[in-house]
Amino acid sequence: MLMSDTLTHPDEGAAFISEQDAALRRWTHGAPGPIKIGSDEHRKMFCRMLLETHDPYRPAVLDWPKLEPDVLSRLTSLPIWDIAVQTEGRASIRVLTYAQTLSDPLLRKAVEMDAAEEARHKVVLSHLVQAYGIELAPEPAYPPPKKAEWAWMFTGYSECIDSFFAFGLFRSAQRSGFFPPDLVETFEPVIQEEARHILFFVNWVAWYRKNMPWWRRPWHAVRVAAIWFMLVWERLAIARGIDASGNARDSNFLPANREVLGDSLDPREMIALCLRENDARMSGYDARLLRPTLVPTLARFALRLLKK
Ligand SMILES: [Fe+2]
Ligand SMILES: [Fe+2]
C-alpha cells in the first residue's frame with residue numbers, strides 16, 4: 001500500500017463537520033433508474049444537487065478563534081490573502097454575469113446560487129482579514145466580463161485545478177497544525193462548496209456539449225483547449241514567481257504550498273492526499289452525476305511517474 005501514513009482516515013475530517021453539514025453532503029436525485037448524460041433529467045439532477053445541498057451558514061456569525069501569537073503571525077504573513085479575496089470577487093461577478101444570460105429558470109437559479117456562494121466566500125475572507133488584522137492591498141474593480149460564457153468556463157476549469165489541490169493542502173494544513181482545529185472547522189464548509197461547484201460545473205459542461213449542434217463541437221473543443229492552455233500557463237508562471245500577464249493572480253492556492261507545508265513537502269504524499277480528499281468530498285453525491293476526471297487522472301499519472 002502506498003504511503004499508508006499519508007492516507008486520509010475516513011473520519012479525519014468528520015470531527016470538523018456539523019451534523020447539518022454532514023447531512024448536506026449526502027444527496028440523491030429523486031428520479032429512479034439510469035440518467036442519460038445531456039438529458040433533461042440530467043440537467044435537473046445537477047441543478048438540484050447544487051440548490052438542495054446549499055449550506056445556509058452566515059459569514060457574520062462564524063467564529064474567528066483567538067490564535068496563539070505564533071499561529072497568528074504565520075497566518076497573517078501568508079502571501080495569499082490579496083489573491084484569495086480578489087479571486088472570489090472575480091469569480092462571483094463572472095458566474096453571476098453568465099447566470100444573467102440564461103433563460104432556463106432552474107439552470108439560472110443554480111448558477112446564481114453558485115455566484116452567491118462565491119460572493120459569500122469573499123465575505124468570509126474579509127471577516128477573517130478583519131479578525132486577524134491582515135492588511136490587504138486596495139482591491140481592484142470587478143467589472144462584468146464581456147464574454148460571459150467564456151468567463152464562466154474559465155472560472156469553472158480553474159476551480160477544477162485549484163480546488164483539487166486546495167483539498168489536499170487544507171487537510172495537510174490541518175494535520176501539520178498550521179491551521180488550528182477551530183479555523184479548520186470554520187473553513188470546512190467553504191472548501192466543500194468548491195467541491196460542489198466543480199461537480200456542478202463538470203456536469204454542466206457535459207450536458208452543454210451534448211446539447212449543442214454537432215457543427216459547433218469542434219469550436220467548443222478549441223475553446224476548452226485554449227482555456228486549459230491559459231490555466232496551465234498561469235499556474236506555471238506563478239510557480240516560477242512570474243506574473244507576466246497580470247492574470248496569474250487568478251490562482252488561489254498554489255503560492256501557499258510551501259508556506260503551509262514547509263520543507264517537508266513530498267510531492268507524492270501531497271498528490272496522494274489530494275486524490276483521497278477529492279474522492280472523499282465527492283463521495284456523498286448521487287453516483288449518477290459525473291465526477292471531475294481530468295485533474296485526478298493527471299494526478300494519478302504523475303503519481304506513477306514519481307513512484308519510479
Ligand atoms: Fe470560492
Ligand atoms: Fe467556487
Side-chain angles (χ1 to χ4, degrees), residues 21 24-25 27 46-47 49-59 62 78 80-99 102 107-129 136 139-140 142 145 148-170 173 179 183-184 186-205 227 231 234-235 247 249-256 274 277-278 281-282 285 289-292 294-295:
D21 193 359
L24 288 170
R25 292 173 192 221
W27 183 87
F46 65 77
C47 289
M49 180 280 294
L50 199 74
L51 292 165
E52 291 173 11
T53 60
H54 172 72
D55 184 338
Y57 69 83
R58 294 211 321 269
L62 289 180
L78 274 180
I80 60 168
W81 302 116
D82 290 319
I83 298 176
V85 168
Q86 292 175 25
T87 301
E88 302 294 0
R90 249 191 309 263
S92 66
I93 186 67
R94 285 173 179 175
V95 176
L96 183 63
T97 305
Y98 178 64
L102 296 168
L107 184 60
R108 180 171 174 145
K109 206 170 155 200
V111 180
E112 279 171 351
M113 164 80 77
D114 189 313
E117 289 178 354
E118 295 300 357
R120 188 168 63 168
H121 292 169
K122 189 167 179 292
V123 177
V124 170
L125 285 172
S126 71
H127 284 256
L128 173 140
V129 160
L136 288 184
E139 273 188 71
Y142 302 107
E149 190 190 275
W150 168 273
W152 153 251
M153 292 209 298
F154 196 86
T155 299
Y157 282 120
S158 77
E159 287 198 328
C160 287
I161 301 178
D162 292 341
S163 299
F164 178 81
F165 291 105
F167 298 155
L169 277 171
F170 182 69
F179 279 179
L183 211 52
V184 171
T186 302
F187 263 104
E188 181 47 59
V190 174
I191 306 290
Q192 189 62 21
E193 250 156 26
E194 298 297 10
R196 286 166 54 253
H197 290 175
I198 60 178
L199 187 60
F200 177 79
F201 180 73
V202 297
N203 279 276
W204 173 84
V205 172
I227 288 175
L231 290 171
E234 271 186 7
R235 277 144 192 80
N247 288 325
R249 296 175 169 275
D250 272 325
S251 172
N252 214 339
F253 300 106
L254 296 182
C274 290
E277 286 293 313
N278 181 65
R281 287 190 182 276
M282 301 288 167
Y285 304 100
L289 286 163
L290 294 173
R291 266 44 180 181
L294 184 62
V295 178

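Numbering of residues begins at 1 and proceeds along the displayed sequence. Atoms within a ligand are numbered from 1 in the order they appear, just like the ligands themselves.
- The shortest non-hydrogen separation linking L136 to V85 is CD1-CG2, 4.0 Å.
- The Fe ion (ligand 1) is closest to atom ND1 of H121 (considering only N, O or S atoms).
- When the N, O or S atoms of E159 are ranked by distance to the Fe ion (ligand 2), OE2 comes first.
- Applying the side-chain hydrogen bond (donor to acceptor under 3.5 Å, both in side chains) test to T53 and every residue at least two apart in sequence or in another chain returns R196.
- A cation-pi arrangement, defined by a distance under 6.0 Å to the six-membered ring centre and an angle within 45 degrees of its axis, is absent between R291 and Y285.
- Considering just the N/O/S atoms of E194, the one nearest the Fe ion (ligand 2) carries the name OE1.
- Evaluation of the ring pair (Phe, Tyr, Trp, His ring centres under 6.0 Å) rule for F170 yields no partner, not counting sequence neighbours.
- Nearest to the Fe ion (ligand 1), among the N, O or S atoms that E88 has, is OE1.
- Using a cut-off of 2.8 Å, one finds that H197 contributes no N/O/S atom close to the Fe ion (ligand 1).
- The Fe ion (ligand 2) is closest to atom OE2 of E118 (considering only N, O or S atoms).
- The CD atom of E159 lies 7.5 Å from the CD1 atom of I198; values are rounded to the nearest 0.5 Å.
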